[in-house]
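As the structure is a prediction and not an experimental result, all values here were calculated from the model. Chain letters run A, B, ... following the sequence lines, proteins first, then strands; residues in each count from 1.
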Amino acid sequence: MQIAGLEVRQLSPFKWEIPQDESRGMRVPGIIFIDQSMLEQAIKDRAAEQVINVATLPGIVHASLAMPDIHWGYGFPIGGVAAMDAKEGVISPGGVGFDIACGIRLLRTNLSQEDVDKVKSELMQELNRNVPKGVGKSGRVKLDRSEFNKAITRGARWGIGRGYGWEEDIEFLERRGCLAGADSDAVSQHAYERGHDQIGTLGSGNHFVEIQVVEEIHDEETARACGLSPGQITVMIHSGSRGFGHQICTDYLKVMERVTARMGYRLPDRQLACAPIKSEEGIKYAGALACGVNYAVLNRQLLTHWVRESFERVFRASARKLGMNIIYDNSHNLALFEEHQINGIKKELCVHRKGATRAFGPGHPDLPENYKSIGQPIVVPGDMGTCSFLLLGTEEAMKESFGSTCHGAGRMMSRSEAKRRISGSELKSALEARGISIMADSMPGLAEEAPDAYKDVSKVVEICVGAGISRKVARMVPIGVLKG
DNA sequence: ATGTGC
């Protein structure tokens with residue numbers, strides 16, 4: 001099999017290598033964790049070629065990596081992981097994506113499916129009323145620039161200080177809900193204007209709030225540590241940094257194009273525009289990026305508050321009594337400074353994860369006490385008609401993938417193709433006939449997110465488990481979906 | 001993903 005003229009070789013059942021070809025400017029090989037049929041798909045949509053392109057970037061170490069949910073993206077593939085040497089490497093907005101720190105959060109409850117079934121339509125209506133959502137929608141929290149700057153510097157803690165959530169929530173967020181190094185001066189007025197009244201809104205596209213039932217426990221001990229048992233209700237929240245992160249990305253792509261020209265980088269794709277991590281522009285982008293990350297995590301924190309409030313109203317009990325604790329919150333689109341071992345030597349790296357999830361193994365200092373011995377939880381959303389998973393990071397992920405794994409099912413059909421081929425209202429009826437309630441603002445929007453538009457999440461997860469970069473805890477199935 | 005082509 002060939003990718004853009006280069007022969008791929010299979011290293012193990014779920015690991016394929018594109019050997020380094022210096023004549024193509026590759027500084028490292030490409031490695032994709034995948035099976036044959038999904039690889040063929042990634043070659044067809046040209047995402048596999050993007051793995052080769054990323055391998056040409058200055059300072060990239062070990063390999064240009066991709067997860068099984070790989071698909072075509074802006075410059076870098078979605079599902080891509082690229083670690084750059086923090087001293088000599090570059091940072092690239094295309095390696096993060098437009099929706100900075102778009103991510104997912106899983107809440108547990110003490111409720112059973114029977115408890116929810118009795119009041120499901122009331123609960124869906126309450127969520128629909130109480131969770132701001134949709135394209136361009138503003139929320140209930142509007143901040144002046146000075147307060148906004150505090151919010152994007154402190155992240156989730158700003159929300160908790162304002163009564164949006166519980167003190168202990170912080171423990172269950174990556175980096176305790178705040179990325180250090182946020183530089184609000186690096187954020188444009190335009191980004192502020194787009195973002196200041198969108199905090200605490202779900203957005204549209206693939207973002208959702210989903211009510212689920214735990215269908216299967218794969219490992220009892222780790223499921224217990226996560227507070228999960230069969231038949232229990234969970235709530236999944238998927239959202240990002242809205243217009244704010246989008247504008248930061250747009251602003252810095254322009255800056256990076258200038259820097260790329262100035263540095264004389266010869267890149268195979270102009271969408272790979274980047275700047276040295278240590279350059280003035282690189283430092284400013286990293287500071288703005290941290291603001292976007294903090295915004296996204298705070299956004300999910302506010303959404304969590306309104307989800308809890310909705311349950312409180314319908315069940316006439318406090319969210320604490322309902323056991324609505326956060327299991328974990330993962331971000332999917334970011335570039336982070338992390339220390340990793342390369343050939344036995346500790347190195348400071350800037351790890352770009354675009355549509356990929358941090359998956360730290362057991363014992364990592366960033367993990368809360370209850371997960372320290374089992375590894376970092378990874379919430380993997382599937383599609384609205386299938387299922388989602390809770391996974392854990394492994395020691396092997398630390399060695400194989402800079403502590404990274406998949407982020408979801410991965411898109412298989414483009415948005416426009418999905419809209420052309422699938423009717424949103426027919427999809428809604430079909431899902432509701434299967435006991436999955438749908439509340440969606442837009443029917444074409446629903447069609448874009450149809451199960452048929454996505455790869456099989458179970459297959460993606462099996463590959464990650466087979467490659468050793470994750471282990472399975474539990475599988476959840478949807479019973480109610482709220483979308484913008 | 002997104003004030004859903006600039």
**OP:** Round to a whole Å and report the spacing from CG of A:D99 to P of B:dG3.
**Re:** 10 Å
Original post:
Nearest-Å distance, CZ (A:F98) to P (B:dG5)?
Top reply: 13 Å
Original post:
Looking at A:G410 and A:Y454, what are the two nearest heavy atoms and their distance?
Top reply: O-CD2, 3.4 Å
Original post:
Base, sugar-phosphate, or nothing for A:E193, non-hydrogen atoms under 4.0 angstrom?
Top reply: nothing
**OP:** Please tell me which of the listed nucleotides, B:dT4, B:dG3, B:dT2, lies nearest to the side chain of A:V135?
**Re:** B:dT4
**OP:** Please work out if A:G205 contacts a base, only the sugar-phosphate, or nothing of the nucleic acid, heavy-atom cut-off 4.0 Å.
**Re:** sugar-phosphate
Original post:
Going by an N to O cut-off under 4.0 Å, is there a salt bridge joining A:E174 and A:R105?
Top reply: no
Original post:
Please give, in whole Å, the distance from B:dG3 P to A:H196 NE2?
Top reply: 13 Å
Original post:
A:D441 has an atom CG; how far is it from atom P of B:dT4, in whole Å?
Top reply: 16 Å
Subject >> Spacing between A:Y192 atom OH and B:dG3 atom C1', to the nearest angstrom >> reply: 17 Å
Original post:
Which whole-number value in Å describes the distance from A:H246 NE2 to B:dG3 P?
Top reply: 7 Å
**OP:** Please confirm whether A:H196 and A:F148 have ring centers closer than 6.0 angstrom.
**Re:** no
Original post:
Think A:Q198 has a side-chain N or O under 4.0 angstrom from the OP1 or OP2 of B:dG3?
Top reply: yes
**OP:** Nearest whole angstrom, please: distance from the P of B:dT2 to the OH of A:Y252.
**Re:** 21 Å
Original post:
Is the phosphate of B:dT2, meaning OP1 or OP2, less than 4.0 Å from a side-chain N or O of A:T250?
Top reply: no
**OP:** Considering only NZ, NE, NH1 and NH2 on the basic side and carboxylate oxygens on the acidic side, decide whether A:K15 and A:E400 come within less than 4.0 Å.
**Re:** yes
**OP:** Give A:E448 one of three labels, base, sugar-phosphate or nothing, depending on what nucleic acid heavy atoms sit under 4.0 Å from its own.
**Re:** nothing
Original post:
Between A:R415 and B:dT4, is there a side-chain N or O to OP1/OP2 distance below 4.0 Å?
Top reply: no
Subject >> A:R194 side chain, from C-beta outward: closest of B:dG3, B:dT4, B:dT2 >> reply: B:dG3
**OP:** Report which part of the nucleic acid A:H190 touches: base, sugar-phosphate, or nothing (heavy-atom distance under 4.0 Å, all strands).
**Re:** base
Original post:
Once you round to the nearest 0.5 Å, how far does OG of A:S429 lie from CZ of A:R434?
Top reply: 13.0 Å
**OP:** Give the rounded distance in Å between these two atoms: CZ of A:R242 and C1' of B:dT4.
**Re:** 12 Å
